[in-house]
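Heads up: the structure comes next, in structure tokens.
Reckoned from all heavy atoms, side chains included, excluding hydrogens, waters and symmetry mates. Please read these numbers as outputs of a predicted model, since none were measured by experiment.
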Protein chains: 2
Amino acid sequence: MSAGDLLSDRLRDRGFRVTMQRRAVFDAVVALGHGTPESILRKAQEVDATLNLSTVYRNLEVLEDIDLVRHAHLGHGSPTYHVAHEHRHLHLVCSVCNSIVEVPVETADSLVELLADRHQFAVDIDHFAIQGRCAQCR
Amino acid sequence: MSAGDLLSDRLRDRGFRVTMQRRAVFDAVVALGHGTPESILRKAQEVDATLNLSTVYRNLEVLEDIDLVRHAHLGHGSPTYHVAHEHRHLHLVCSVCNSIVEVPVETADSLVELLADRHQFAVDIDHFAIQGRCAQCR
DNA sequence: GTCTATGCAAAGTTTTTGCACCTGG
DNA sequence: CCAGGTGCAAAAACTTTGCATAGAC
């Protein structure tokens, strides 16, 4: 039967129900690439205008739980959510102009290896942004 | 007259006034090594029990402005403040047990160089923590 | 039909702001 | 004095929670 899309399969496998709200939240994350809970709400409300912010928070937690979504901290404000395994990159945040540049995660391979070797620490390198000053502002 | 301590000098140089609250906040940061606004308040209140949280926030901002204090993001919660130029190290935060390990900033030198060369980005490498899984939890 | 998920409203947390009073220079 | 700093209270921003109802299976 059903071709079974990734979202439905993953939800059901883990005992979660497939609801239109979950689909709307996931689709919003996909569409945005990156989004805060607030921006994800606004995007998802294009599909379902009655969708509630608390539903967004609850579903982002579920989507992270089933490894479809991840979040990163890019600054002082709300965390940013993105699709897991897509858009894997470091975020360079400029402390002067707040611009964000994305660079390949491989850029940090040597650091990742060092931390593994010296400290047996398995780095999730893109969870936090890297702050500094960009080419224009330095 | 006054030997002129660092705090007074730096404040006056930049046109800020020297108040006992500023001294208490700065002393608390020094004493704690690392502290959230809340923990800094508690520490500073040992000296001045009437000190207010909003004064702590305002003065941490001033102290950062005059480069005596810096803050880092170690997780989802409040930022952590520390004395500038002291305690320079990376924070490895375990996503499982939340333990924090400090490692020398030099560990990331190769990443810092790469970002400077390739992206003309001047990294403030210890502003954000590095998340991952520690030796025990991996 | 059962049990999870949702909407709504309220509360919790953390940080910021307005304002009258206080104080350093 | 007087501009800047402080305490207090209120507001703002962000996130979580309780509960009655709706909806997935």
Whether N52(B) contacts dG5(D) is assessed here as follows: a side-chain N or O lying under 4.0 Å from the phosphate OP1 or OP2. Is that the case?
no
Evaluate the criterion ring-ring contact (aromatic ring centres under 6.0 Å, His included) for residue pair H89(A) and H34(A); output intermediate values, then yes/no.
CA-CA 12 Å; H89(A) 42 240; H34(A) 291 99; 5.3 Å; yes
Nearest whole Å is fine: how far is dG24(C) C1' from N59(B) CG?
14 Å
Could you say whether G77(B) or D48(A) is positioned toward the 5' end of DNA chain C, judged by the nucleotide with the nearest heavy atom to each?
D48(A)
To check you understand the geometry: which heavy-atom pair defines the closest contact between C97(B) and C94(B), and what is its length?
N-SG, 3.4 Å
Which nucleotide in the set dG7(C), dT15(C), dT15(D) lies at the smallest distance from any side-chain heavy atom of Q21(A)?
dG7(C)
For atom CG of L60(A) and atom C1' of dT15(D), their distance in whole Å
12 Å
Could you tell me which non-hydrogen atom of L51(B) sits nearest to which non-hydrogen atom of Q45(B), and how far apart they are?
O-NE2, 2.8 Å
Out of curiosity, I66(A) CD1 to D13(A) CG, how far, rounded to the nearest 0.5 Å?
9.0 Å
Distance in angstrom units between Y57(A) OH and dT13(C) P, rounded
16 Å
Take atom CD of E61(B) and atom P of dG4(D), then tell me their distance rounded to the nearest Å.
16 Å
Between dG5(D) (C1') and L51(B) (CG): distance, integer Å
12 Å
At 4.0 Å (heavy atoms only), tell me whether R58(B) reaches a base, stays on the sugar-phosphate, or touches nothing.
base
Provide, to the nearest angstrom, the distance between the CD atom belonging to E38(A) and the P atom belonging to dA12(D).
15 Å
Considering only nitrogen or oxygen atoms on both sides, find all protein atoms under 3.5 Å from nucleotides 22-25 of chain D and state each distance.
unit_1, atom_1, unit_2, atom_2, d
dG23(D), N2, R17(A), NH1, 2.5
dA24(D), N3, R17(A), NH1, 3.3
dC25(D), OP1, V18(A), N, 3.1

How many Å lie between CG on L11(B) and P on dA3(D), as a whole number?
20 Å
Heavy atoms only, 4.0 Å cut-off, all strands: where does L53(A) land among base, sugar-phosphate and nothing?
base
When we call it a touch if two heavy atoms are under 4.0 Å apart, what does T50(B) touch: a base, just sugar-phosphate, or nothing?
sugar-phosphate
Choose from dT6(D), dT14(C), dT16(C) the nucleotide whose nearest atom is closest to any side-chain atom of T55(B).
dT6(D)
What is the separation between atom CG on L41(B) and atom P on dC8(D), rounded to the nearest whole Å?
11 Å
Measure the acute angle between the ring planes of Y81(B) and H71(B), then classify it against the limits of 30° and 60° as parallel, tilted or perpendicular.
tilted
Please tell me if S54(B) has a side-chain N or O lying less than 4.0 Å from either OP1 or OP2 of dT15(C).
no
Between atom CG of N59(A) and atom CD1 of I40(A), what is the distance when rounded to the nearest 0.5 Å?
11.0 Å
For residues G33(A) and H82(A), report the shortest heavy-atom separation together with the two atoms involved.
O-CB, 3.2 Å
